[in-house]
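Below is a structure I'd like to ask you about.
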Amino acid sequence: KAGVTQTPRYLIKTRGQQVTLSCSPISGHRSVSWYQQTPGQGLQFLFEYFSETQRNKGNFPGRFSGRQFSNSRSEMNVSTLELGDSALYLCASSPQGSPGELFFGEGSRLTVL
Amino acid sequence: TQLLEQSPQFLSIQEGENLTVYCNSSSVFSSLQWYRQEPGEGPVLLVTVVTGGEVKKLKRLTFQFGDARKDSSLHITAAQPGDTGLYLCAGDYNQGGKLIFGQGTELSVKP
């Protein structure tokens with residue numbers, strides 16, 4: 001079974017730009033979560049989608065948004081990038097009935113200059 | 001605000017030594033997970049504990065869940081260089097896919 005796939009793996013943007021990250025979950029997993037990982041704050045929850053609906057949202061500004069498609073693939077978007085948005089963005093999928101058991105992708109490393 | 005305190009933050013030991021990592025919260029978890037992350041990769045799930053007092057073993061790793069389901073520990077026996085990595089505990093407060101992660105324990109095992 002293929003794992004969680006995230007694209008792109010690395011990207012560099014400048015302040016004020018926007019970015020879209022993509023995530024393909026494990027086949028059969030309908031829940032997709034996004035996390036931001038930084039050295040100072042660790043892993044912080046961004047949002048979670050299930051069957052195209054956002055079920056949970058973390059404490060991030062409205063510049064961070066996401067969506068999920070009918071095939072469970074998900075995207076997240078960050079607009080008006082700030083230097084502090086530099087981070088590893090991790091996507092995870094989980095099987096139904098095991099909400100705490102997350103299967104992570106390798107992440108998208110975003111650098112904002 | 002739910003917080004998960006993980007200690008120690010850094011641990012550097014020699015091959016063959018034993019170690020314990022702790023994870024504590026003031027809130028009750030519906031379940032708790034331990035993950036391990038290597039540089040350049042996403043966290044990998046090691047174990048899930050659900051029942052208070054539960055003990056699970058994974059080769060040289062022993063995981064305990066506190067009776068009150070507010071704390072957990074990870075004990076590694078006879079650590080090996082291959083155990084090097086970032087160990088993360090994560091609490092599920094019954095909020096779907098939203099987990100609260102501890103800050104992590106950076107473990108370095110020297111040969």
Side-chain angles (χ1 to χ4, degrees), chain A residues 3-7 9-10 21 23-26 29-51 53-60 66 68 72 74 87-109, chain B residues 1-10 21 23-25 27-51 54 56 58 63 65 69-70 72 85-107:
Chain A
V4 176
T5 304
Q6 290 189 246
T7 56
R9 289 291 313 278
Y10 304 93
L21 309 177
C23 172
S24 292
I26 291 172
H29 289 188
R30 291 161 63 190
S31 170
V32 173
S33 305
W34 289 88
Y35 288 80
Q36 181 196 65
Q37 187 175 29
T38 58
Q41 300 296 318
L43 271 123
Q44 292 190 290
F45 174 78
L46 281 157
F47 24 67
E48 186 234 356
Y49 289 88
F50 181 85
S51 292
T53 300
Q54 187 181 88
R55 291 201 298 193
N56 263 303
K57 190 175 190 309
N59 296 324
F60 280 82
Q68 187 181 33
S72 294
S74 179
L88 181 67
Y89 289 88
L90 291 160
C91 169
S93 69
S94 61
Q96 206 160 347
S98 303
E101 298 189 348
L102 303 182
F103 294 83
F104 284 90
E106 292 181 310
S108 293
R109 170 77 61 186
Chain B
T1 304
Q2 297 136 340
L3 287 174
L4 257 183
E5 294 184 5
Q6 196 173 334
S7 62
Q9 254 191 295
F10 302 96
V21 178
C23 183
N24 294 285
S25 172
S27 303
V28 175
F29 306 119
S30 59
S31 70
L32 184 138
Q33 287 74 32
W34 285 91
Y35 292 83
R36 178 167 168 259
Q37 184 177 21
E38 296 192 51
E41 299 182 9
V44 174
L45 178 66
L46 294 174
V47 78
T48 295
V49 285
V50 178
T51 307
E54 185 175 5
K56 281 191 173 179
L58 187 67
F63 304 87
F65 201 15
R69 289 160 57 210
K70 291 183 179 181
S72 181
L86 178 67
Y87 289 82
L88 296 154
C89 65
D92 175 10
Y93 295 96
N94 211 21
Q95 295 183 34
K98 177 181 179 181
L99 297 187
I100 305 297
F101 279 84
Q103 282 292 91
T105 295
E106 192 75 56
L107 172 64

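Labels below follow one simple rule: chain letters A, B, ... track the order of the sequence lines, proteins then strands, and each chain is numbered from 1.
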A:Arg109 (side chain) donor-acceptor with A:Ala87 (main chain) under 3.5 angstrom: no
Geometric class of the B:Phe101/B:Tyr35 ring pair [parallel <30°, tilted 30-60°, perpendicular >60°]: tilted
Which atoms of B:Phe29 approach chain A - backbone, side chain, both or neither, heavy atom under 4.5 Å: neither
Structural part of A:Leu43 lying under 4.5 Å from a heavy atom of chain B: both
Distance-only side-chain donor-acceptor flag, A:Gln36 / A:Thr38, under 3.5 Å: no
From CG (B:Leu99) to CD (A:Glu101), nearest 0.5 Å: 10.0 Å
A:Phe104 CZ to A:Ser94 OG distance, which is reported to the nearest 0.5 Å: 10.0 Å
Contact origin within B:Leu86 toward chain A - heavy atom pairs under 4.5 Å: side chain
Proximity breakdown for A:Gln6 and chain B, heavy-atom pairs closer than 4.5 Å: neither
Part of A:Leu46 within contact of chain B (heavy atom distance under 4.5 Å): neither
